[in-house]
Asks: 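Pasting a structure below so you can have a look.
Below, chains carry the letters A, B, ... as their sequence lines are ordered, and counting in each starts from 1.
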Amino acid sequence: MKQKIEALILQAIETLKAEGSLERDLATPIVVERTRDPLHGDFASNVAMALAKSAKTNPRALAEKILVAMPSDALLIKMEIAGPGFINFFMDTRAQYQVVSKILLEGEAFGRSQIGAGKKVQVEFVSANPTGPLHVGHGRGAAYGSAVADLLAAVGFQVEREYYVNDAGRQMDILATSVWLRYLETCGEAVIFPSNAYRGDYVRDIASALHEGSGTLYQRAIASVMEAIPADEPQGGDKDIHIDALIERAKLLLGAEQYEAVFQIGLNGILADIKQDLSEFGVDYQHWFSERQLMDDGSIQQALQRLEVAGFLYEQDGATWFASSRLGDEKDRVVVRDNGQSTYFASDIAYHMQKLSRGFDQIIDIWGADHHGYIPRVRAAVEALGGDVDKLKVLLVQFAVLYRGEERVPMSTRSGEFVTLRELRTEVGSDAARFFYMMRRSDQHMDFDLQLATSKTNENPVFYVQYAYARICSVFRQLVEKGFQQDVTQGMEHLALLTESHETGLLTMLSRYPEILERAALQHEPHQLIQYLRELANDFHAYYNAHQFIIEAADLRNARLNLICAVQHVLRNGLHLLKITSPETM
RNA sequence: GCGUUUGUAGCUCAACCGGAUAGAGCACCGGCCUUCUAAGCCGGGGGUUGCAGGUUCGAUUCCUGCCAAGCGCACCA
């Protein structure tokens with residue numbers, strides 16, 4: 001409908017241009033919006049105001065001309081000029097009723113579209129280091145990222161979800177060494193566990209699994225392990241020097257092959273846990289992309305060569321630098337350290353070169369907001385590699401702060417006291433967790449109140465929406481119990497009986513769903529859909545309280561049943577799109 | 001200090017990307033269950049959109065300055 005009006009206005013303006021009332025080369029951005037106030041009709045446009053200045057006339061006079069030139073349309077019953085020069089459009093209510101039959105006909109497909117058809121988009125999200133279980137901060141990225149991907153898919157994009165596994169680097173060596181030391185404990189060695197190692201219970205679990213599977217294969221005497229190792233921090237030493245020495249010792253005592261085996265067991269144990277965790281949270285990926293692979297297959301070398309050829313690399317202080325400051329970054333960045341090792345950033349350059357080569361029309365990176373300073377250098381890298389910077393979109397997710405009522409829940413990754421995503425899911429459930437995470441704009445800080453999310457008696461927005469759905473299901477159960485049967489055809493014939501304000505309001509609300517979906521997808525803002533579902537639920541609850549559905553008059557009864565059946569479909573479509581369940585009873 | 005993001009009702013947040021009288025929930029006050037689930041509904045109070053300028057028909061939205069907060073400023077990942 002919206003597009004139709006836009007087309008009509010465009011025609012009118014073309015007509016005016018043709019007859020010389022308007023400059024021929026006038027830019028015409030047609031904007032038609034739904035009105036907030038029913039008094040302003042169903043749709044409104046501000047074209048006249050937008051054009052008035054460049055057309056050197058006043059808005060109301062121009063609006064007048066446009067109205068005269070507008071082609072007529074059967075469903076358009078009234079147009080008027082209001083306020084400073086808005087053109088308000090009033091639609092025939094028949095147009096509103098059509099949405100009911102459309103929804104019942106299309107079912108699950110209602111709201112979906114093909115505006116993204118033929119376009120490939122990659123969404124990379126979470127990508128947490130595989131050094132421990134996901135915590136609640138990752139949960140928000142997971143809920144948000146998967147929703148962005150699902151929304152894009154719903155409007156026709158070909159979407160690829162990817163997780164970048166940082167399986168290289170020092171943190172992974174610390175993990176491998178942590179696993180090995182816990183394993184030695186299991187073997188009976190008296191280990192003093194390093195302060196800078198991973199202390200979580202999951203490391204113990206992996207270690208005991210290793211012990212069960214391989215016996216004492218990796219055991220070494222603790223004396224040989226600790227011999228001449230610099231002191232740890234609690235003993236007055238430096239925790240980093242201490243752990244690095246232990247890593248080197250582990251590599252030495254185990255040999256390359258056995259060290260690699262322990263390393264892989266640690267990595268795979270945690271990756272398996274992350275995959276399961278995410279899957280249970282409704283998040284699934286097409287690709288798990290390994291950083292190690294970039295190192296092994298020469299991608300990093302290749303990427304650096306490309307930068308070299310393009311003239312963006314130089315040597316200084318024994319290191320190799322990327323001149324990112326020439327492309328908008330605040331300073332240049334090291335890509336190869338003076339010890340010959342490439343940096344994490346070098347991996348990321350190679351990774352993005354990979355992404356560019358895979359033929360996506362759009363590449364979406366979803367990062368924690370603390371990485372925002374990283375954006376300019378990655379954009380610089382993409383540009384230096386000859387890629388199209390506009391294809392890369394980085395979306396930031398702010399941290400969620402957990403509260404239990406008034407009390408702030410402490411979080412710290414290293415100490416092992418952090419709240420994991422899994423703990424959150426068991427405490428509040430996946431539905432509430434996803435809903436709460438997505439309720440707010442992702443780039444805003446949010447307070448996540450566990451008490452509110454778990455409450456089933458208090459006002460809880462998740463239950464509010466689900467309850468609306470369950471109530472409709474209940475109506476249809478009651479209908480049968482009372483000996484009635486829904487007659488869809490009769491209902492469709494009498495939709496015109498739906499004249500109450502609650503009913504016309506719901507009709508408008510329902511017809512907005514496809515627009516909401518489209519906007520939420522293109523703007524990467526799932527919270528708009530959540531917001532919409534809350535409003536729709538609200539309108540339904542109000543309707544439910546104001547009018548009876550199961551009544552004697554068959555024509556009105558069936559018309560109303562068709563309407564709430566449409567509401568039921570849209571609620572379910574929206575919830576399912578966000579991977580939130582729609583229980584039939586509550 | 002530099003960069004960046006954010007300041008909206010007592011609290012948590014929206015506001016269709018510049019539109020008409022800035023809206024919800026929680027909390028507070030007052031009503032509604034012999035009738036389809038009261039996890040619900042109806043009504044009420046509550047705002048100088050951090051402050052000061054600017055741009056224009058029109059600003060919570062764009063620009064500048066100031067104030068305040070978060071984050072970032074590694075040859076870590």
Asks: In whole Å, what separates the P atom of A20(B) from that of C62(B)?
Replies: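 Their P atoms lie roughly 16 Å apart.
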Asks: From the options N166(A), D167(A), D296(A), select the one residue that forms a side chain to side chain donor-acceptor pair (under 3.5 Å) with S290(A).
Replies: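 Answer to the side chain to side chain donor-acceptor pair (under 3.5 Å) test with S290(A) among N166(A), D167(A), D296(A): D167(A).
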Asks: Select one nucleotide: of A14(B), C13(B), C41(B), the one nearest the side-chain heavy atoms of Q531(A).
Replies: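 So the nucleotide nearest the side chain must be A14(B).
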Asks: Would you classify E525(A) as touching base, sugar-phosphate or nothing, given that sugar-phosphate means primed atoms plus P, OP1 and OP2, and contacts are heavy atoms under 4.0 Å?
Replies: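 Base, at least one base atom sits under 4.0 Å.
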Asks: With a non-hydrogen cut-off below 4.0 angstrom, is A546(A) in contact with a base, only sugar-phosphate, or nothing?
Replies: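 Touches nothing.
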Asks: Could you tell me the separation between the CZ atom of F86(A) and the C1' atom of C16(B), rounded to a whole number of Å?
Replies: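 One finds 13 Å between C1' of C16(B) and CZ of F86(A), rounded.
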Asks: Does Q362(A) have any side-chain contact (heavy atoms from CB on, under 4.5 Å) partners at least two apart in sequence or in another chain, and if so, which?
Replies: V121(A), I364(A), K393(A), H524(A)
Asks: Salt bridge or not for R170(A) and D240(A), using N-O below 4.0 Å?
Replies: yes
Asks: Under 4.0 Å, heavy atoms only, any strand: does A468(A) hit a base, just the sugar-phosphate, or nothing?
Replies: nothing
Asks: Between U55(B) and G18(B), how far apart are the C1' atoms? Round to whole Å, please.
Replies: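 12 Å, rounded to whole Å.
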Asks: Identify which nucleotide among G40(B), C36(B), A15(B) has an atom closest to any side-chain atom of N545(A), counting heavy atoms from C-beta outward.
Replies: G40(B)
Asks: Could you measure between the two P atoms, the one in U60(B) and the one in G53(B), and give it in whole Å?
Replies: 14 Å
Asks: For R534(A) and G23(B), give me the distance from atom CZ to atom P, rounded to whole Å.
Replies: 17 Å
Asks: In whole Å, I'd like the distance from the CG atom of D447(A) to the P atom of U6(B).
Replies: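 From D447(A) CG to U6(B) P: 17 Å.
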Asks: Measuring only the P atom in each nucleotide, how far is C32(B) from C16(B)? A whole number of Å is fine.
Replies: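 Taking atom P in both C32(B) and C16(B), they lie 38 Å apart.
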Asks: Over how many whole Å does the gap from R441(A) atom CZ to G7(B) atom C1' extend?
Replies: 14 Å
Asks: Categorize H547(A) for me: base, sugar-phosphate, or nothing, with a 4.0 angstrom heavy-atom threshold over every strand shown.
Replies: base
Asks: Provide, to the nearest angstrom, the distance between the CD atom belonging to E535(A) and the P atom belonging to C41(B).
Replies: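 Distance check: E535(A) CD to C41(B) P gives 14 Å.
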Asks: Can you tell me, in whole Å, how much space there is between the P of A69(B) and that of U61(B)?
Replies: 22 Å
Asks: Which nucleotide in the set C16(B), C36(B), C75(B) lies at the smallest distance from any side-chain heavy atom of F549(A)?
Replies: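 It is C36(B).
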Asks: Say you pick atom C1' in C17(B) and the same atom in A22(B); how far apart are they, in whole Å?
Replies: 16 Å
Asks: Find the partner of A22(B): check Watson-Crick (N1-N3 plus N6-O4 or O6-N4) and G-U wobble (N1-O2, O6-N3) distances, both under 3.5 Å, and reply none if neither fits.
Replies: none
Asks: For Y543(A), is there any backbone N or O sitting under 3.5 Å from a side-chain donor or acceptor partner on H547(A)?
Replies: no
Asks: Is any side-chain nitrogen or oxygen of N538(A) closer than 4.0 Å to OP1 or OP2 of C41(B)?
Replies: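 Indeed, a polar side-chain atom of N538(A) lies that close.
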Asks: Expressed in angstrom and rounded to an integer, what is the separation of R557(A) atom CZ from C36(B) atom C1'?
Replies: 12 Å
Asks: Taking the six-membered ring of F312(A) (Phe, Tyr or Trp), confirm whether the NZ or CZ of R326(A) is under 6.0 Å from its centre and within 45° of its axis.
Replies: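 Yes, a cation-pi geometry holds between R326(A) and F312(A).
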Asks: Within 45° of the axis and under 6.0 Å from the centre of the six-membered ring of Y544(A), does NZ or CZ of R471(A) qualify?
Replies: yes
Asks: Is E525(A) salt-bridged to R519(A), cutoff N-O under 4.0 Å?
Replies: no
Asks: Distance check, P atoms only: C51(B) and G44(B), in whole angstrom units.
Replies: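 The answer is 28 Å between these two P atoms.
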Asks: Is it true that E162(A) and K355(A) make a salt bridge, defined as a side-chain N closer than 4.0 Å to a carboxylate O?
Replies: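 Salt bridge absent between E162(A) and K355(A).
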Asks: Could you work out which one of C57(B), C36(B), G40(B) sits closest to the side chain of S474(A)?
Replies: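 Nearest to the side chain of S474(A) among the choices is C36(B).
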Asks: If the sugar-phosphate is the primed atoms plus P, OP1 and OP2 and the base is the rest, what is the B/S/- string for nucleotides 68-74 of chain B, using protein heavy atoms under 4.0 Å?
Replies: --SBSSS
Asks: Please work out whether the ring planes of Y437(A) and F448(A) are parallel, tilted or perpendicular, with thresholds of 30° and 60°.
Replies: perpendicular
Asks: For nucleotides C13(B) and U6(B), find the distance between their P atoms and express it as a whole number of Å.
Replies: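 Looking at atom P only, C13(B) and U6(B) are 14 Å apart.
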Asks: Would you classify C33(B) as syn or anti? Syn applies when the glycosidic angle is within 90° of 0.
Replies: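 Syn conformation here, the glycosidic angle of C33(B) being no more than 90° from 0.
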Asks: Closest approach to the side chain of N129(A), judged atom by atom: which nucleotide of U12(B), C16(B), A77(B) is it?
Replies: A77(B)
Asks: Hey, does the side-chain of Q444(A) have a donor or acceptor N/O within less than 3.5 Å of a partner on the base of C13(B)?
Replies: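 No, the side chain and the base share no sub-3.5 Å donor-acceptor pair.
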Asks: What is the base-pairing partner of C2(B), counting Watson-Crick and G-U wobble geometry with both distances under 3.5 Å?
Replies: G72(B)
Asks: Across all strands shown, which nucleotide pairs with U48(B) by Watson-Crick or G-U wobble geometry, both distances under 3.5 Å?
Replies: none
Asks: Please report the distance, rounded to the nearest Å, between CD in E80(A) and C1' in A20(B).
Replies: 13 Å
Asks: Tell me which of M446(A) and F43(A) sits closer to the 5' end of RNA chain B, going by the nucleotide each one is nearest to.
Replies: M446(A)
Asks: With heavy atoms under 4.0 Å as the rule, sort R440(A) into base, sugar-phosphate or nothing.
Replies: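 The answer is base, as R440(A) lies within the cut-off (heavy atoms under 4.0 Å) of a base atom.
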Asks: Tell me the partner of C41(B), counting only Watson-Crick (N1-N3 plus N6-O4 or O6-N4) or G-U wobble (N1-O2 and O6-N3) with both under 3.5 Å; none if nothing fits.
Replies: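 Pairing partner, where one exists within any strand: G31(B).
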Asks: Give a yes/no answer on whether the side chain of R471(A) brings an N or O atom under 4.0 Å of OP1 or OP2 in C36(B).
Replies: no
Asks: The side chain of Y464(A) is closest to which nucleotide in this list: G40(B), C17(B), G19(B)?
Replies: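 Taking heavy atoms from C-beta onward, the closest nucleotide is G40(B).
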Asks: What is the base-pairing partner of U55(B), counting Watson-Crick and G-U wobble geometry with both distances under 3.5 Å?
Replies: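 U55(B) is unpaired by these criteria.
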Asks: Is it true that a side-chain atom of Q466(A) and a backbone atom of T581(A) form a donor plus acceptor pair closer than 3.5 Å?
Replies: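 Checking the backbone N and O of T581(A) against the side chain of Q466(A), a donor-acceptor pair under 3.5 Å is found.
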Asks: Please determine, for the side chain of N88(A), which listed nucleotide (A20(B), C36(B), A77(B)) has the closest atom?
Replies: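 Comparing A20(B), C36(B), A77(B) against the side chain of N88(A), the answer is A20(B).
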Asks: Using a 4.0 Å heavy-atom cut-off across all strands, classify T320(A) as base, sugar-phosphate, or nothing.
Replies: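 It contacts nothing in the nucleic acid.
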Asks: Kindly assign one of parallel, tilted or perpendicular to the pair Y351(A) and F289(A), based on the angle between their ring planes and the thresholds 30° and 60°.
Replies: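 Rings of Y351(A) and F289(A): tilted, as their planes differ by 30° to 60°.
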Asks: Tell me the interatomic distance from N339(A), atom CG, to C75(B), atom C1', rounded to whole angstroms.
Replies: 8 Å
Asks: Given 3.5 Å as the limit, does a donor-acceptor pair link the side chain of Y469(A) with the main chain of V567(A), or not?
Replies: no
Asks: Partner of C16(B) by Watson-Crick or G-U wobble geometry, both contacts under 3.5 Å, or none?
Replies: none
Asks: Measure from the side-chain heavy atoms of K482(A) and tell me the nearest of A39(B), C41(B), C36(B).
Replies: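 Closest nucleotide to the K482(A) side chain: C36(B).
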Asks: Counting side-chain heavy atoms from C-beta on, which of G7(B), G19(B), C36(B) comes nearest to Q548(A)?
Replies: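 Taking heavy atoms from C-beta onward, the closest nucleotide is C36(B).
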Asks: F345(A) near the nucleic acid: base, sugar-phosphate alone, or nothing, with a heavy-atom cut-off under 4.0 Å?
Replies: nothing
Asks: If you only use heavy atoms from C-beta on, which nucleotide in U6(B), A20(B), C42(B) is closest to the side chain of A542(A)?
Replies: C42(B)
Asks: Between I550(A) and I87(A), who's closer to the 5' end of RNA chain B by nearest nucleotide?
Replies: I87(A)
